[in-house]
2 protein chains.
Amino acid sequence: MTYAVGMELPLDQILLGDCIELMRLLPSGSVDCVFADPPYNLQLRGELRRPDDSLVDGVDDDWDKFGDFAAYDTFTRNWLVEVRRLMRKDATIWVIGSYHNIFRIGSILQDLGFWILNDVIWRKSNPMPNFRGRRFTNAHETMIWAARGKESRYRFNYAAMKALNDDVQMRSDWLLPLCTGSERLRNQHGLKLHPTQKPESLLHRVLLASTGVDDIVLDPFTGTGTTAALAKRLRRRFIGIERHPDYAEAAIGRYRRERPLPIDSVMATPAKRDLPRVPFGSLVERGLVPAGTRLMDKQRRITATVSPDGTILSGTIRGSIHQLGATLTNAPSCNGWTFWHFERDGILITLDVVRTESTQVVREEAG
Amino acid sequence: MTYAVGMELPLDQILLGDCIELMRLLPSGSVDCVFADPPYNLQLRGELRRPDDSLVDGVDDDWDKFGDFAAYDTFTRNWLVEVRRLMRKDATIWVIGSYHNIFRIGSILQDLGFWILNDVIWRKSNPMPNFRGRRFTNAHETMIWAARGKESRYRFNYAAMKALNDDVQMRSDWLLPLCTGSERLRNQHGLKLHPTQKPESLLHRVLLASTGVDDIVLDPFTGTGTTAALAKRLRRRFIGIERHPDYAEAAIGRYRRERPLPIDSVMATPAKRDLPRVPFGSLVERGLVPAGTRLMDKQRRITATVSPDGTILSGTIRGSIHQLGATLTNAPSCNGWTFWHFERDGILITLDVVRTESTQVVREEAG
DNA sequence: TTCCTGGTTGAATCCGTGG
DNA sequence: TCCACGGATTCAACCAGGA
């Protein structure tokens, strides 16, 4: 197989055509995140259709059932192989599906070397009831979130997700409404343009969780362009592919009309590990935690004294705030910033509080 | 391969041994429902510590270790083939797993000709957090509910599920707590006997949804016997298989100690058009007002018995707590929450007290 | 008896950077 | 690619003990 050498990445575009063929023209290792909503095409309405939309005949015998799954598996493997080639080493992928297809997809993802990070459940707040009363109301869809490989150092905006969820960790089950009302794209007859248009809230959360500003997002099954719209709104770059001309046209119009949010608003909530580092010694130096200060753990069971060079001393043992915390509690490691306290105005505060105060001072001075 | 011809079905027993080998000795087409909790193939690497430096007691048992996906797939296919042979034509199977294994299981189920009816999400109300902040909190597990084949005329107790769920259709996402506290089996050192004991409320709902009185339930990975206990409690017949002697011994003892509920209370609620609102069902399911509990009015003149689906029974009259209160007092209406009492520690308390105590119910209504 | 606090725990594929 | 080390990271329940 040959690839177009040196082809430019078609950024912020929606390409019309077959995603496998078009992806073969794009350069390897070029996208940061993928969202894919592939066709389900299984066991619907008495007729079976292959992924290429051709009709499967002879529905009832076992051979054809197997043939149908095999065709779907081949299709799935083919597009996932191309997607994986386009992903940077640390990129992640989201794939959404239902019980008809998600187990095939999950298995093939694993077989291809993707590393599953979570399966995320979209709980629909307003699902269609089960009219015949023969099953549980099918009230959710499943998304698989996976890194390109086990070794990927993927992006997860933990602090942003926690902030979005009332300051507790975001769980793997998300309650979101279906795409209805004015958000739903319709044709001139008022009929829905696409049978499975995804809600914007879903893509909002997906992109906010796993991408940064200017990251390149690929959607090989763009449909009516929910991923495209949210990528533009959140100031991510976008590459979309859609085979059906009506859908592609709708998605392109939607993408053009979308306006990016102000740049400040789309910056991710900073994670603590991304904040500037402050050596403990500089707090001692600046007198914020003076040498000689008596440090103790929360229960006041362990104490230590601050030395002028930023080490601390307990009995005859000397070391960094982290080292001594670990040694004195027989722990393999210790975060000295949150372990050690000292008394100020009669109450115990952690070193972390002082550190936070000090960076604020620095920022005010700098700003 | 040869099978023992005419072997009696070992009903209401827990067999010690490898499930694939033992299932080969059992006659075809003999069970009505299967619940299977196979090893998840977690592939945990190092140790994990909480932010307070305490060690997480992860699953490191040998029975959860497989060489690779191919080995796990072979194991899965082998036990599913035997299970399917034992299933009657109209039987259904439940398999529970996490993202580590559930996609393999779902694909193999489909390949073997099983017909998936639902994927059901067990949303954990109290999951373990993600301690490193690198993923979404893994807050659910997935159950696949499937019929033996597309043509199966399977059992689904629609009315009972609706009654259990506030008189709206039961959805495919279930909020239930982990198995903790006194429900958790422990050894003489107070340590958990089994790393992954399932909560009784989960099996309560599974068996109530998909089996009838005297149906034969098979659990090829019995573990500490939650399926066994609930089968006996709900008056289903049971066949269990467990390979590990310690688990099997615990399960057998647990099964012996379990007592069946009164026969009237476990009969499925007959399908009716308009059942009253019964949010009471979730308290029953969770054992806060156990099925079989004797309810009475304040003067102890009227009594009724709690059924597993949240209806109550007085003589031959069955209905919601509200309906029966009204009927038995010849009143136009009745608030069952304040009308019905039961004895706890020698004193009468109202159902409303239990409802108030149950913070979980409040959250489920809100969620 | 009740309320409060502190301790423990649960199917978990759980770090990033710089030398 | 490997190793060392700084330091970031948790939620809901249940239980025991003391006020």
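Because the structure is a prediction, the values reported are computed rather than measured. Naming convention: chains lettered A, B, ... in sequence-line order (proteins, then strands); numbering from 1 in each chain.
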Applying a 4.0 Å non-hydrogen cut-off, can you work out what [X] is touching in the nucleic acid: base, sugar-phosphate, or nothing?
X        : answer
B:Arg49  : nothing
B:Thr196 : base
B:Asp64  : base
A:Cys334 : base
B:Gly46  : base
A:Asn118 : nothing
B:Pro38  : base
A:Lys298 : nothing
B:Ser182 : sugar-phosphate
A:Lys150 : nothing

Item to check | Charged N-O contact under 4.0 Å between B:Glu242 and B:Arg254 | outcome: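 The answer is no: the pair does not qualify as a salt bridge.
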Across all strands, who's sitting opposite [N] as a Watson-Crick or G-U wobble pair, both distances under 3.5 Å?
N      : value
D:dT9  : none
C:dG19 : D:dC2
C:dC14 : none
C:dT5  : D:dA16

Next on the checklist: Let me spell it out: for each of A:Gln299 and B:His100, pick the nucleotide of DNA chain C with the closest heavy atom. Which residue's pick is nearer the 5' end?
Outcome noted: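 Closest to the 5' end, via its nearest nucleotide, is A:Gln299.
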With a cut-off of less than 4.0 Å, is there a side-chain N or O of [X] near OP1 or OP2 of [N]?
X        : N      : result
B:Arg132 : C:dA12 : no
B:Asn138 : C:dT13 : yes
A:His322 : D:dG6  : no
B:Arg50  : D:dT10 : no
A:Lys162 : D:dT10 : yes

Can you check the [X] [atom1] to [N] [atom2] distance for me, whole Å?
X        : N      : atom1 : atom2 : value
A:Arg153 : C:dT13 : CZ    : C1'   : 18 Å
B:Glu141 : C:dG10 : CD    : C1'   : 11 Å
B:Tyr72  : C:dA11 : OH    : C1'   : 11 Å
A:Ile116 : C:dT13 : CD1   : P     : 11 Å
A:Met170 : D:dT10 : CE    : C1'   : 16 Å

Measuring centre to centre across the rings, with the benzene-like ring taken for any Trp, is [X] within less than 6.0 Å of [Y]?
X        : Y        : answer
A:Tyr154 : A:Trp145 : yes
B:Phe221 : B:Phe35  : no
B:Trp174 : B:Trp122 : no
B:His194 : B:Trp63  : yes

Next on the checklist: Using the side-chain heavy atoms of B:Met128, tell me which of these nucleotides is nearest: D:dA13, D:dG6, C:dA12.
Outcome noted: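 Shortest atom-to-atom distance from the side chain points to C:dA12.
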Checklist entry - With respect to the side chain of B:Arg134, which nucleotide from C:dA11, C:dG16, C:dT13 is positioned closest? => result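 So the nucleotide nearest the side chain must be C:dG16.
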Checklist entry - Should the ring pair B:Phe75 and B:Tyr72 be called parallel, tilted or perpendicular, given that the plane angle runs from 0 to 90° and is split at 30 and 60? => result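 The arrangement is tilted - the two ring planes meet at 30° to 60°.
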Next on the checklist: Between the base of C:dA11 and the side chain of B:Lys198, is there a donor and acceptor pair under 3.5 angstrom?
Outcome noted: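 Yes, a donor-acceptor pair under 3.5 Å.
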Item to check | A:Asp166 CG: over 12 foreign heavy atoms closer than 6.0 Å | outcome: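 For A:Asp166, atom CG is not crowded (no more than 12 foreign heavy atoms under 6.0 Å).
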[N] to [M] separation - [atom1] atoms, rounded to the nearest Å:
N      : M      : atom1 : value
D:dG6  : C:dA11 : C1'   : 31 Å
D:dG7  : C:dC14 : C1'   : 15 Å
C:dA12 : D:dA8  : P     : 26 Å

Item to check | Centroid distance under 5.5 Å and plane angle under 30°, B:Phe131 vs D:dT10 | outcome: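 B:Phe131 vs D:dT10: stacking no.
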